[in-house]
Amino acid sequence: MRQSQLFTKTRFEAPKDEVAKNASLLIRSGFIHKEMAGVYVFLPLGLRVLENVKKIVREEMNRIGGQEVMMTTLQPKEIWEKTNRWDDSVVDNWFKTKLKNGTELGVGLTHEEPFVDAVGEFIQSYKDLPILTYQIQNKFRNELRAKNGLLRGREFVMKDMYSFARTEEEHNLLYEKVAEAYHKVYARLGIGHLTLRTSADGGIFTKKFSDEFQTLCDAGEDTVYVNEEKKISINKEVYTDENLEKLNIKKEDLTERRGIEVGNIFPLETKYTEALGVRCKNDKGEPEPIIMGCYGIGISRLVGALAEIFGTETSMIWPEAVAPFKIHLIDLSGSDEGVKKATEDLYQKLKEKDLVLIDDRDARAGEKFADADIIGLPIRIISSKKTLEKNGFEVVNRVTGKTEVLSLEDILETYGI
RNA sequence: CGGAGUAUGGUGUAACGGCUAGCAUACUCGCUUUGGGAGCGAGCAGUCUGGGUUCGAAUCCCAGUACUCCGACCA
């Protein structure tokens with residue numbers, strides 16, 4: 001992609017209506033646009049990051065047998081009434097609307113009911129189980145107060161997966177399989193070492209714990225007690241002597257930290273399937289309850305978390321797996337036709353694999369470097385008279401700081417072109 | 001939802017109730033410049049909305065709206 005044609009621009013000044021580092025940084029780099037409090041537009045570079053996160057999540061969910069679907073945003077109130085989650089006194093952050101004829105509708109804030117409703121149609125026999133199905137979709141929550149940029153919005157992108165199992169054992173197997181997949185997702189995003197499976201409140205429908213995936217970061221909204229060494233973590237909301245004993249954790253081993261909840265998995269038991277009348281026949285032809293699990297990953301929240309972790313106010317380095325492009329090619333050819341041609345040749349090659357953003361603007365070096373710092377592509381290749389005199393290009397790995405002059409052939413070989 | 005604060009060109013800011021609302025940046029044009037946000041000149045562009053007080057309101061008052069922060073909430 002040519003930066004001269006990219007319609008977004010970086011900006012020098014921080015937006016005054018954002019305090020959160022993630023939103024401020026991403027607005028300054030032109031990755032997102034604030035539409036209103038808690039609602040953000042993903043611009044070309046930001047969308048590429050978001051899509052890369054989705055891709056990784058998809059691959060890992062598919063790998064464990066997840067089947068992707070897409071539920072609807074508009075929701076009929078009937079199914080929510082069956083589980084007693086329609087009334088505002090029970091769930092107060094619904095966005096609701098009406099059809100022309102007055103029929104009430106909900107705007108999806110989560111999708112347990114619709115999944116049970118839609119998937120349940122196909123569950124007749126125990127032979128149909130287990131099922132693991134998911135979607136990546138926008139969620140709408142009427143939060144009383146949006147804050148922290150992408151970390152808590154009113155409209156956000158989430159991956160939610162649901163498992164349907166016949167027995168407790170079958171459920172537990174799926175549950176652990178998903179947990180393992182989650183660890184893989186965070187590892188691929190470059191935050192595996194910071195992300196801990198955390199015991200948390202199981203919610204209002206189960207007496208069990210749920211498991212959150214907390215990425216340690218001071219900007220996080222949750223307080224967790226952790227032992228990074230032993231990979232132990234427990235959310236403050238369930239941090240009691242009784243629970244510590246139940247979980248076999250020693251208080252002295254833990255330190256208080258802040259965490260961003262980047263994922264949450266919890267057992268739903270039979271609450272939703274029973275309420276919506278979804279059962280399966282066992283081998284004697286008798287109806288049996290179905291055990292559910294629910295597994296979420298905040299996709300857009302992860303983009304914010306990455307900005308918090310890998311960014312400063314004026315600089316960013318995206319993990320290679322999600323960077324909008326891997327390489328930022330800085331064209332410093334000026335009016336030198338020879339350098340310009342060499343740069344263009346390299347660009348055309350790297351473009352074949354969609355690896356590169358070229359700064360071909362008629363701008364000075366300082367401006368280009370400053371922009372490249374905040375846009376945050378992990379590899380920087382500088383092309384100028386200086387580098388061409390050495391028969392190559394200056395290649396900087398921004399993570400390690402390693403700088404070397406490589407020839408066109410060397411670079412192409414590195415990327416398998 | 002309780003409390004506090006803020007609102008001025010695209011962006012960031014300044015202006016005692018009183019001069020043509022200033023500065024920076026961005027943008028447009030011209031010249032110069034070209035490895036860390038260059039220089040000179042010219043130009044475009046603004047007081048959140050609605051009321052009120054006053055000879056006179058960006059400034060004071062009321063209402064609304066939006067945004068931010070603290071708290072509560074977050075299935």
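Here the structure is a predicted model, which means the values were calculated and not measured. Below, each value reflects all heavy atoms present in this structure, side chains not excepted, and no hydrogens, waters or symmetry copies. Just so it is clear: chains get the letters A, B, ... in the order the sequence lines come, proteins before strands, and each one is counted from 1.
Rounded to a whole Å, the CD atom of A:E143 is 11 Å from the C1' atom of B:rA75. Regarding A:H33, its NE2 atom lies at a distance of 10 Å from the P atom of B:rU11, rounded to whole Å. Rounded to a whole Å, the OH atom of A:Y272 is 11 Å from the P atom of B:rA75. Taking atom CZ of A:R152 as the reference point, atom C1' of B:rA75 lies 12 Å away to the nearest angstrom. As rounded to whole Å, 11 Å separates atom P of B:rA38 from atom CZ of A:R361. Between the P atom of B:rA75 and the CG atom of A:N142 lies a distance of 15 Å, rounded to the nearest Å. Put simply, CD on A:E261 is 12 Å from P on B:rC74, counting in whole angstrom units. The separation between A:L144 atom CG and B:rC69 atom C1' is 16 Å, rounded to whole Å.
Taking atom C1' in both B:rC44 and B:rG10, the straight-line distance is 12 Å, to the nearest Å. Comparing B:rG37 with B:rG46, their P atoms are spaced 32 Å from each other, to the whole Å. For B:rU13 and B:rC69, the P atoms lie 15 Å apart once the distance is rounded to whole Å. Comparing B:rA58 with B:rG64, their P atoms sit 23 Å apart, to the nearest whole Å. On the C1' atoms, B:rG17 is 15 Å away from B:rU47, given to the nearest whole Å. Spacing of P atoms, B:rG56 relative to B:rG9, comes out at 26 Å, to the nearest Å. Separation of the C1' atoms belonging to B:rA26 and B:rC62 is 37 Å when rounded to the nearest angstrom. Rounded to a whole angstrom, the distance from the C1' atom of B:rU20 to that of B:rG30 is 27 Å.
Between A:K251 and A:Y225, the closest side-chain pair of non-hydrogen atoms is not below 4.5 Å. A heavy-atom distance below 4.5 Å is found between the side chains of A:H328 and A:I375. With a 4.5 Å cut-off on side-chain heavy atoms, A:K177 and A:Y182 do not count as touching.
Applying the 6.0 Å contact sphere to NZ of A:K349 captures no more than 12 heavy atoms from other residues, nucleotides or ligands. Heavy atoms from other residues, nucleotides or ligands lying under 6.0 Å from NZ of A:K96 number more than 12. The number of heavy atoms from other shown groups lying within 6.0 Å of CD (A:E237) is above 12. The number of heavy-atom neighbours closer than 6.0 Å to CG of A:D362, taken from other residues, nucleotides and ligands shown, is 12 or below. By the neighbour-count criterion of 12 heavy atoms within 6.0 Å, atom CD of A:E256 is densely surrounded, having more than that number from other residues, nucleotides or ligands. Remark: A:E245 CD is loosely packed, at most 12 non-hydrogen atoms of other residues, nucleotides or ligands lying under 6.0 Å away.
Judged by closest nucleotide on RNA chain B, A:S384 is the one of A:T110 and A:S384 placed further toward the 5' end. Positionally, the nearest nucleotide of RNA chain B for A:K386 lies more toward the 5' end than for the other of A:E221 and A:K386.
Residue contacts for A:I330: at a heavy-atom cut-off of 4.0 Å it reaches no nucleic acid atom on any strand shown. Across all strands, A:S383 comes closer than 4.0 Å to no nucleic acid atom at all (heavy-atom distances). Within the 4.0 angstrom heavy-atom criterion, no nucleotide atom of any strand lies near A:E112. Heavy atoms of A:R380 sit under 4.0 angstrom from at least one base atom. Residue contacts shown for A:A370 include a base, since a base heavy atom lies under 4.0 Å away.
Under a cutoff of 6.0 Å and an axis angle of 45°, A:R48 and A:F325 form a cation-pi pair.
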Quick test: give all pairs of protein nitrogen or oxygen and nucleotides 66-68 of chain B nitrogen or oxygen below 3.5 Å, distance rounded to 0.1 Å.
from, atom 1, to, atom 2, distance (Å)
B:rC67, OP1, A:A37, N, 2.9
B:rC67, O3', A:K34, NZ, 3.2
B:rU68, OP1, A:K34, NZ, 2.8

I'd like a table of atom pairs between the protein and nucleotides 22-33 of chain B - only N or O on both sides, under 3.5 Å - with the distance next to each one.
from, atom 1, to, atom 2, distance (Å)
B:rU33, O2, A:R364, NH1, 2.8

- Query: Under a cut-off of 3.5 Å for both distances of each Watson-Crick or G-U pair, what dot-bracket string does RNA chain B give, using [ ] for crossing pairs and | for inter-strand pairs?
  - Reply: (((((((..((((....[...)))).(((((.......)))))....(((((..]....))))))))))))....
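The pair A:K271-A:E112 does not count as a salt bridge, with every side-chain nitrogen at least 4.0 angstrom from each carboxylate oxygen.
Ring-plane geometry between A:F95 and A:F140 is classed as perpendicular, the angle between the planes exceeding 60 degrees on a 0 to 90 degree scale with a lower cut at 30.
Annotation: A:H111 is not in aromatic contact with A:Y162 [ring centroid separation under 6.0 Å not met].
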